[in-house]
*Asks:* 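Sharing a structure below in structure tokens format, with a few things to ask.
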2 protein chains.
Amino acid sequence: MSAESGQARPAPTLEMVAALAGVSRATVSRVVNGSPSVDPSMADSVEKAVRALNYVPNRAARTLASRRTYTVTLLVPESTSKVFADPFFASVVEGIARYLNTTEYMLNMVTSSESNPEKTRRYLLGGNVDGVLVVSHHTGDHSWERLNGQLPVVFAGRPLVDAGQSYFVEVDNEEGAAAATARLTGAGRRSIATIAGPQDMLAGVDRLAGWRAEVRRAGLDDALVETGDFTVASGAAAMRRLLDRGRNIDAVFAANDQMASGAYSVLQERGLRIPEDVAVVGFDDDYYATSLSPALTTIHHPITALGGKMAEVLVDLIEGRPTERVNRLPTSLVVRDSA
Amino acid sequence: MSAESGQARPAPTLEMVAALAGVSRATVSRVVNGSPSVDPSMADSVEKAVRALNYVPNRAARTLASRRTYTVTLLVPESTSKVFADPFFASVVEGIARYLNTTEYMLNMVTSSESNPEKTRRYLLGGNVDGVLVVSHHTGDHSWERLNGQLPVVFAGRPLVDAGQSYFVEVDNEEGAAAATARLTGAGRRSIATIAGPQDMLAGVDRLAGWRAEVRRAGLDDALVETGDFTVASGAAAMRRLLDRGRNIDAVFAANDQMASGAYSVLQERGLRIPEDVAVVGFDDDYYATSLSPALTTIHHPITALGGKMAEVLVDLIEGRPTERVNRLPTSLVVRDSA
DNA sequence: TTGTAGGCGTTATCAT
DNA sequence: ATGATAACGCCTACAA
């Protein structure tokens, strides 16, 4: 066959279905949209016609008439460059896409060029979208909450200061960190240090708070703190500083698995056994957790679930269903060999 | 009616702009769409009105009337689960998104559930999209080329057997492999082995062919071949088999960086120095390349560019511009310390 | 329960 | 160059 570069036969319309089924367009519309009040026999012949013609409603027409787009936008504030390579982002998107697949909503992505945020803003407010999902890495960046009241928006992570109006879903970092630490206290460890994350990031702050809460609850010293920036190297450096304090440390809670990885190397280079001499618990349950030796006991960070929940909340918002404004997802302890 | 929760003032319409500018809707439409034949002064007042009202064309209406959606779909045949976590996929998408950002096309993703490909098919052919981009991992899976002739489609990677009709863009694996090998022959290596990729994947086949071509060109033995499956472990195993042949090998071209990493460990465990005793060149220039020690000399695989080119070709196709059916992207040698 | 008819915001075809 | 006036395909009161 000769490949025409042009389009082919036009898609069947509601009207054609109506003709074939011998009913009015209104009836077809009702059947297609699952209206409750339609005579079963009619519905039947309509459905037959739909299949015969392989009819699919035209989205644009539907949107124009109903003023609903059935589209939600994934807004990526960062410069397009690196986002997609980030496994965190990838997992969130996966969760979103998976949930949306169970609905009739479509996902479309727009990376708001910081060069021209107004363009993005106008697009969103131009009636082209039913709702917005914001996944940023500047944790707490809710600058797009201005859209609230105009258009439903759901954020990943809570804002730096919760003004009580934006919808968001976050992982319960504090509880997770406390659980990680409890694994240590529960095993009789008495000198528990932590390699904290950056204190200008919510995850860093919350995880440190969780560690501190549990350590105090157990009546232990809460001064064994060194901070890193979530990288392997910073974890190693922090572990080194901790050890150089000359105190006898028998356990470490690292605020993420990468820093735990850094701690491993220092611990091992100093001849300390894991977990015999020093037990280690991480956070995130990522690639590093399983590839380390001994395998890292850590806190599972439900990133995909986070995305799924975001999408769920947004759809609820769009359809006017009552929804919690803030959702905090629980974490779980994954026990392996390091603690 | 009662007030809808959250929603606000309706977006300004073309009609409102026309009223404010004191012209007809047709004229406004012309101005907005940059029609050549409009009186400058008129255009001016229209633009003023557009800004004043912060007018944005309604996408659905525009689509309905023009029968153009300005939307392209990224089709992901795999099961949703793992795709996003794959760095290759992530980079391709990044390239696509970046290019599309320079156009007026929107990107929307649909992961075709293998459970129900017909649904996807109907959506695509239902006039909801102007074109399709297919990124699959089953290299050569062009099962969606059936859409050709109905809707423009561009694939990542060439089909197993090129029937001469589907548009695709691929990286020149063969040339890249030859360049990698030439780095070795050029340095006077005489006994050059290769750790080939799976021979049921195009990348595996092409890279082996490139190695073979260069090795023969240099008049060397082309029997030093062992195959892996692109994983680190398989690379180590292949290296071991190569060494166990008892031949004196002074260089190795690994079909990807991960297998090169595996080769490194075996080489080092047998006390062979890199590159003094055995020079190594990889392919992909990924994370492994820089984290290995000594840093790996490798072939840069332009994944992001691949995505960008795909989008470019698709848009050209949609707009009826002449375009090459097959695009082969050049690779480049990245010289580091292993060869 | 089913059909009629008006409209959703643009583009496109004609005249003018 | 500009302006009426149909479509575009569907939804939704409202009427029957």
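Quick note on labels: first sequence line is chain A, next is B, and so on, each numbered from 1. All of these numbers come straight from a predicted model, not from anything done at the bench.
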*Asks:* Please check this pair: side chain of A:Ser29 against backbone of A:Arg25, looking for a donor-acceptor N/O pair closer than 3.5 Å.
*Replies:*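 Not a single qualifying donor-acceptor pair exists.
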*Asks:* What is the distance from CE of B:Met16 to C1' of C:dC8, rounded to the nearest Å?
*Replies:* 15 Å
*Asks:* Starting at atom CZ of A:Arg67, determine the distance to atom C1' of C:dG9, rounded to an integer number of angstrom.
*Replies:* 9 Å
*Asks:* Can you measure from CZ (B:Arg68) to OH (B:Tyr105) and round to the nearest 0.5 angstrom?
*Replies:*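 So the CZ of B:Arg68 and the OH of B:Tyr105 are separated by 4.0 Å.
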*Asks:* For each nucleotide in nucleotides 10-16 of chain C, reading 5' to 3', give B when a protein heavy atom comes within less than 4.0 Å of its base, S when such contact involves only the sugar-phosphate, and - otherwise.
*Replies:* BBB----
*Asks:* Starting at OG1 of A:Thr73, measure out to CG of A:Asn108 and round the result to the nearest 0.5 Å.
*Replies:*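 Output value for this atom pair is 3.5 Å.
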*Asks:* Does A:Glu319 CD have over 12 foreign heavy atoms under 6.0 Å away?
*Replies:* yes
*Asks:* I'd like to know if the side chain of B:Asn33 and the backbone of B:Ser35 have a donor-acceptor N/O pair within less than 3.5 Å.
*Replies:*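 Answer holds: no.
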*Asks:* I'd like to know if the side chain of A:Thr69 reaches the main chain of A:Asp130, judged simply by a donor and an acceptor atom lying under 3.5 Å from each other, with no hydrogens or angles considered.
*Replies:* yes
*Asks:* Applying the salt bridge (Lys or Arg N to Asp or Glu O under 4.0 Å) criterion to B:Glu170, which one of B:Lys309, B:Arg325, B:Arg158 satisfies it?
*Replies:* B:Arg158
*Asks:* Tell me the closest heavy-atom pair linking B:Leu317 and B:Pro152, and the distance in Å.
*Replies:*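 Between these two residues, the closest heavy atoms are CB-CB, 4.0 Å.
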*Asks:* Between the opening five pairs and the closing five pairs of the helix from C:dT1-D:dA16 to C:dT16-D:dA1, how far apart are the helix axes, to 10°?
*Replies:* 30°
